[in-house]
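Contents: one structure, followed by commentary.
All values derive from a computational prediction rather than experimental measurement. Proteins get letters first, then strands, A, B, ... in listed order; numbering begins at 1 in each.
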There are 4 protein chains.
Amino acid sequence: MARSQQDRPPRRQEWATRTARDRTDAPARGRLLDAAEQVFARLGYGPATIADITAQAEVSRAGFYVYFASKEEVFRVLAGRVRDAFLTAQDVPGVDTDDVAAVARASTAAFIAAYARHLPLLVLLEQQARGDAEVRALWEEIRERPVRRAARYVRRVAAEGRAHPVVDPLTLSRAVGGMSIEFARLVAERPATYERAVADATAMYLHLLGIGAAPQQ
Amino acid sequence: MARSQQDRPPRRQEWATRTARDRTDAPARGRLLDAAEQVFARLGYGPATIADITAQAEVSRAGFYVYFASKEEVFRVLAGRVRDAFLTAQDVPGVDTDDVAAVARASTAAFIAAYARHLPLLVLLEQQARGDAEVRALWEEIRERPVRRAARYVRRVAAEGRAHPVVDPLTLSRAVGGMSIEFARLVAERPATYERAVADATAMYLHLLGIGAAPQQ
Amino acid sequence: MARSQQDRPPRRQEWATRTARDRTDAPARGRLLDAAEQVFARLGYGPATIADITAQAEVSRAGFYVYFASKEEVFRVLAGRVRDAFLTAQDVPGVDTDDVAAVARASTAAFIAAYARHLPLLVLLEQQARGDAEVRALWEEIRERPVRRAARYVRRVAAEGRAHPVVDPLTLSRAVGGMSIEFARLVAERPATYERAVADATAMYLHLLGIGAAPQQ
Amino acid sequence: MARSQQDRPPRRQEWATRTARDRTDAPARGRLLDAAEQVFARLGYGPATIADITAQAEVSRAGFYVYFASKEEVFRVLAGRVRDAFLTAQDVPGVDTDDVAAVARASTAAFIAAYARHLPLLVLLEQQARGDAEVRALWEEIRERPVRRAARYVRRVAAEGRAHPVVDPLTLSRAVGGMSIEFARLVAERPATYERAVADATAMYLHLLGIGAAPQQ
DNA sequence: AATGAATGAGGCTTCATTCAT
DNA sequence: GATGAATGAAGCCTCATTCAT
């Protein structure tokens, strides 16, 4: 499952024969995607109808099919967008890799922020992963990639003796992922709790890494 | 004689005689509930149809409405059942309250086991909580009750100086809840990992409580 | 179409074999009939359900079929009851047949009172007459009998030179019937208008008979 | 893909794009209306089904919902049409207002003709007025407008001393309306009786107005 | 590129009615 | 005589999707 997710791969180099379905830039297409995102977030997948989406996008019902083959397809495209946005948000450049605490804080903050921001769609993604193999692949990427990356980092700093994880790195990363999701939910409900959540999650993360962040900060 | 039906003004609800709808026993009702649970777990809420449920229960389509008013209603009843089963499973009697490690292990084990066992319905419950106030109440009970109970315990042992939580008890409990859910998902996929998951989760739980062999920095 | 209207004629003289369906006196049967009358009057024919009727009668749904074969059948029985009551109410004994004005007044009063009293069912009867031959027969009796009787009387008094009808007796009677129904509707809505309505209808009746009731009474 | 439909929370009604539902022309809409009129007239309201209507209109079942939201709605639209046609038919221009007899004859003829012509729908309208406020309003207009208009005219000619009504003008008009309806029913059954009916009704009308050769007592 | 119109397919419910107890 | 339970038959309505323009 590569990066650029679209039903038929965008054959950008060809001239002349180029149908609407291929044009990723048509303005109506973008409006439909945004509309779909809002509608799905508001109603959930099942209850959302093509009519809801086209109404929101101010496009005729038939207009939908100029750009997407079906409800499933918009959702897949949307899912790809979410995955990209979510994973990209995990890239936190400019952090001193040697400062474990700083890395922990930055990655935790990025994860919680991204998860909270995309919560509605992520929840649907998880739900739809059940019945759609392509969506499942996207969902697994979303779930696994940050965990594996974190595990890799933990393994390294542990090997360097700069951390003493309580459990094996992959398990620890999963656990921290799980707790971060929990915090992300809270943050999605009450954005003001973001700083506090990041601080707490980071503190626990570091503690589990065996790095002495003093309890009761 | 089917011609002259419907067309009735909106006024309704005049049951004088008791109907089967009130009976909570009745074998068919149980069969329908079990069938509904399986069907929902297999297909998800939206895609599941009354026909799927009645077919599974070996009852006529109309038979469904003898006991439930709608798909929503079966789901609510089912949700209540799941909440009861889930919360009941958290009662782990016969554990020495003074042995913090034992309590942590027992409650973690119970939580993970129960969550893994009911995972499919719990996921749907969360999903449906979005649009149904009654289901939302059930879902919140499921989410909050174990966390609050754990927080209460943590607060007590912390007050007694037998634990030194890294963060405040409620936050800690939420975090542990989140990580446990993560493990429960893994266990639901591969039941063989249950013991390992419980051991790891317990270890981290205790570590966050400031108990156990703190790895030296 | 004889007087005692029931689906199967009441074989009252037989002993021994007598099924519930034959017993016209069973208390539940009466309750069901009364209930049916109320329910039909309240909801109309189509929207009324067997469940509505049995609920009102405080009988189980199945209990209905002990006494009636179908919704159509109760309605027919009810229709027979209404016809009997309506026609019986037209018999105004003890009026001096020679006093044309007195007869006109008495018959008009009886007709308006009876029509107003049974208005809801009469309206349904007319409606159902469309699709049910048996009901149609009842309805025609209800409509025609009073008119024919009146026409007979008019013809007689006209022959005796005691009246000088503006149009032929049957037509006149129909017309008076039509206007009386109009008044009956008003009376059904506002019972207090009964006396006034009878006075007006009688005045017009007599006037059309060419009998000098002074205008502007 | 039919699995994932319905299940939508009660919030609705978000048409941004204009749909066919708004267009009062559109040939299919007219066909459906005509079909509905025939079907309702033939079967009555309750027994008529959307399938009957669409079959008659040679439109798919779903096609109905492109133009109407429900059976109730077509009926309402139809009722409006009938009211318009019926009331318009009462406008009899070009009659010398000073010739009371001519006016009486013209208005009686128009009323009987229009009532007979629309009898099947008018009967249903009365029936449905019971349960639908909008239909009730239409029905009352149909019933009251001609009566009030007639009463106004009677009042005027009475004030001018050109008529000597037996009862007060409104009551008289109602009565004449009632008798005219009676005649309209006969005419609807046997159109050949129209002329006779109009002549008779007019004669009685004028007589009640105290006009014409009063039969001597 | 866009859309108004139309429809096949399918799900939900209701109700009259039967039947074993 | 009465009824709880169950069901066949039907009607309503929605929605994704197509197609001619």
Side-chain angles (χ1 to χ4, degrees), chain A residues 19-21 23 26-29 48-52 54 59-72, chain B residues 1-8 12 17-23 26-29 46-52 54 59-72, chain C residues 19-21 23 26-29 48-52 54 59-72, chain D residues 1-8 12 17-23 26-29 46-52 54 59-72:
Chain A
T19 81
R21 202 96 130 232
R23 298 192 54 197
R29 189 178 189 275
T49 70
I50 304 292
D52 290 324
T54 53
V59 165
S60 75
R61 285 247 279 296
F64 176 87
Y65 295 91
V66 173
Y67 297 103
F68 305 100
S70 64
K71 190 170 149 182
E72 273 100 340
Chain B
M1 197 72 346
R3 269 282 147 126
S4 49
Q5 278 165 244
Q6 66 283 100
D7 303 328
R8 158 199 292 274
R12 283 284 171 126
T17 31
R18 220 62 58 227
T19 78
R21 207 107 129 207
D22 301 324
R23 299 191 53 194
R29 189 177 190 273
T49 70
I50 305 291
D52 291 325
T54 52
V59 163
S60 73
R61 287 251 278 292
F64 176 87
Y65 295 93
V66 172
Y67 296 101
F68 306 101
S70 64
K71 192 168 137 181
E72 265 131 359
Chain C
T19 81
R21 203 92 131 236
R23 297 191 56 199
R29 189 176 188 276
T49 69
I50 303 291
D52 291 324
T54 52
V59 165
S60 76
R61 285 249 277 297
F64 176 87
Y65 295 92
V66 172
Y67 297 103
F68 305 99
S70 65
K71 190 170 148 181
E72 274 99 340
Chain D
M1 194 76 342
R3 269 282 145 127
S4 47
Q5 280 165 243
Q6 63 286 99
D7 303 330
R8 156 200 294 272
R12 284 283 170 127
T17 31
R18 220 62 57 228
T19 78
R21 206 107 128 210
D22 300 324
R23 299 190 55 195
R29 188 177 191 273
T49 71
I50 306 291
D52 291 326
T54 53
V59 164
S60 74
R61 288 250 278 289
F64 176 86
Y65 296 94
V66 172
Y67 297 100
F68 306 100
S70 63
K71 191 169 135 179
E72 265 132 359

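- In this structure, the CZ atom of F64(D) is 14 Å from the P atom of dA6(E), given to the nearest Å.
- For A69(B), the side chain to side chain contact (heavy atoms under 4.5 Å, CB included) partners two or more places apart in sequence, or in a different chain, are R21(B), E73(B).
- Note: CG (D52(B)) to C1' (dC12(E)) measures 13 Å, nearest angstrom.
- Annotation: of the two residues near DNA chain E, A69(B) and I50(C), the 5′-most nearest-nucleotide partner is A69(B).
- With rounding to whole Å, R29(A) atom CZ is found 15 Å from dA1(E) atom C1'.
- Distances shown here put every side-chain N or O of Y65(C) at or beyond 4.0 Å from the OP1 or OP2 atom of dG1(F).
- Checking dT17(F), dC12(E), dC12(F) against the side-chain heavy atoms of T49(D) singles out dC12(F) as nearest.
- Rounded to a whole Å, the CZ atom of R61(D) is 15 Å from the C1' atom of dC15(F).
- Pairs of Watson-Crick or G-U wobble type, with distances under 3.5 Å, assemble into runs of 3 or more in DNA chain E at these ranges: E:2-21 with F:2-21.
- Checking dG4(F), dC15(E), dA6(F) against every side-chain atom of A62(C), the shortest atom distance belongs to dG4(F).
- Legend: residues meeting ring pair (Phe, Tyr, Trp, His ring centres under 6.0 Å) with F68(D), ordered by chain and number and at least two apart, are F64(D).
- Listed nucleotides: dG4(E), dC12(E), dT7(F). Nearest to the side chain of S60(A): dG4(E).
- Between K71(B) atom NZ and dG10(E) atom C1' there is a gap of 12 Å when expressed in whole angstrom units.
- Between F68(B) atom CZ and dT7(F) atom C1' the separation is 17 Å, expressed in whole Å.
- Residues A51(D) and V59(B) each lie close to DNA chain F; by heavy-atom proximity, the contact nearer the 5' end of the strand is made by V59(B).
- Across all non-hydrogen atoms, the minimal contact from Y67(B) to A28(B) is CE1-CB, 3.7 Å.
- A search for side chain to side chain contact (heavy atoms under 4.5 Å, CB included) contacts involving A51(B) returns T49(B), R61(B), not counting sequence neighbours.
- For the OP1/OP2 pair of dA1(E) and a distance below 4.0 Å, the side-chain nitrogens and oxygens of Y67(A) include no atom meeting the criterion.
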